[in-house]
Trainee: 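Mind having a look at this structure? Questions to follow.
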Amino acid sequence: SMEKGLVVTQLDVEPGECIKVKGKIQSDAKGFAVNVGKDSNTLMLHFNPRFDCHGDVNTIVCNSKEDGVWGEEDRKAEFPFQHGDKIEICISFDQTEATVKLPEAEFKFPNRLGMEKIEYLAVEGDFKVKAIKFS
Ligand SMILES: CCCO[C@@H]1O[C@H](CO)[C@@H](O[C@@H]2O[C@H](CO)[C@H](O)[C@H](OCc3cn(Cc4ccccc4)nn3)[C@H]2O)[C@H](O)[C@H]1NC(C)=O
């Protein structure tokens, strides 16, 4: 079965604070995802870089999820990832948007649910988590 990745619950990350996820993209990665929100059914942001999956090649798909239902997808223009990369992804948010900071790129995604705190973090797919840090 598709084994689960890292899941962290009972968080209390407030606007302006950062969630830093450090890890390595597997050398044969098809895709990975970083999810933040209230729980697995209520996501402020599903940040899903796809190397080759669901018919997408080298495309970041972002989305939200409300009561288990996906919202409108947002496909980003840049894809600053390569197989085997060791990266640090920094996620923060305010009442209007979530920000995903990478070494050489920054992505915004609207805070569609008006979430006021992040309680849930999950990392799925072909990404090996080395460290997480909250600052
Ligand atoms: C063209 C008509 C069909 O549209 C397609 O509909 C698919 C099903 O909704 C869309 O794929 C889904 O997009 C969602 C975001 O909008 C999520 O990415 C859905 O995946 C959830 C998920 C996470 N995981 C764990 C995981 C994550 C990363 C790598 C490996 C496992 N397994 N399933 C993923 O299945 C897919 O993005 C969408 N493609 C387009 C072009 O719209």
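When a residue number appears, it is its place in the shown sequence, counting from 1. This one's a predicted model, so the numbers in the text were calculated from it and none came from an experiment. Remember, it's 1-based here, ligands and their atoms both numbered in the order they're listed.
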Trainee: As a check for students: among F51, F47, W70, identify the option with a heavy atom nearest to atom 14 (C) of ligand 1.
Mentor: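 Checking each option, the heavy atom nearest atom 14 (C) of ligand 1 is found in W70.
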
Trainee: Distance-only check: which donor-acceptor pairs under 3.5 Å involve side-chain atoms of residues 85-93, not counting sequence neighbours?
Mentor:
unit_1 : atom_1 : unit_2 : atom_2 : d
D85    : OD2    : Q82    : N      : 2.8

Trainee: Record the part of E72 in heavy-atom contact with ligand 1 below 4.0 Å; permitted values are side chain, backbone, both and neither.
Mentor: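 Under 4.0 Å from ligand 1, E72 contributes no heavy atoms.
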
Trainee: Under 4.0 Å from any heavy atom of G31, which atoms of ligand 1 are there?
Mentor: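 It comes down to these atoms of ligand 1: 29 (C).
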
Trainee: Does L43 sit in a hydrophobic cluster with other residues, and if so which ones, taking ILVMFWY side chains as linked at heavy-atom separations under 4.5 Å, directly or through other members?
Mentor: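 When side chains under 4.5 Å apart are linked, the cluster holding L43 also contains V7, W70, Y120.
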
Trainee: Applying ring-ring contact (aromatic ring centres under 6.0 Å, His included) between F81 and each of F32, F127, F107, report the one that passes.
Mentor: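 Testing F81 for a ring-ring contact (aromatic ring centres under 6.0 Å, His included) against F32, F127, F107 leaves exactly one candidate, F32.
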
Trainee: Within the structure, is a non-hydrogen atom of R75 found at a distance of less than 4.0 Å from ligand 1?
Mentor: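 Yes.
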
Trainee: Under 4.0 Å from ligand 1, counting heavy atoms only, is it the side chain of H46, its backbone, both or neither?
Mentor: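 For H46, only side-chain atoms sit under 4.0 Å from ligand 1.
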
Trainee: Using side-chain heavy atoms (C-beta onward) and a distance below 4.5 Å, is E66 in contact with R112?
Mentor: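 Answer no - side chains too far apart.
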
Trainee: Taking D94's backbone N and O only, do any of them form a donor-acceptor pair with N111's side chain (distance below 3.5 Å, no angle check)?
Mentor: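 Side chain of N111 to backbone of D94, a donor-acceptor pair under 3.5 Å: yes, one is there.
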
Trainee: Which of the atoms in ligand 1, numbered in the order shown and given with their element, are less than 4.0 Å from a heavy-atom of N48?
Mentor: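 In order of numbering, the contacting atoms are 18 (O).
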
Trainee: Tell me if a side-chain donor or acceptor on D52 pairs with a main-chain N or O of K30 at a distance below 3.5 Å.
Mentor: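 A pair under 3.5 Å: no.
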
Trainee: Among E124, E73, H54, K65, which one has a heavy atom closest to atom 37 (O) of ligand 1?
Mentor: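 Selected option, by shortest heavy-atom distance: E73.
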
Trainee: R50 near ligand 1, heavy-atom distance under 4.0 Å?
Mentor: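 Per 4.0 Å heavy-atom rule, R50 contacts ligand 1.
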
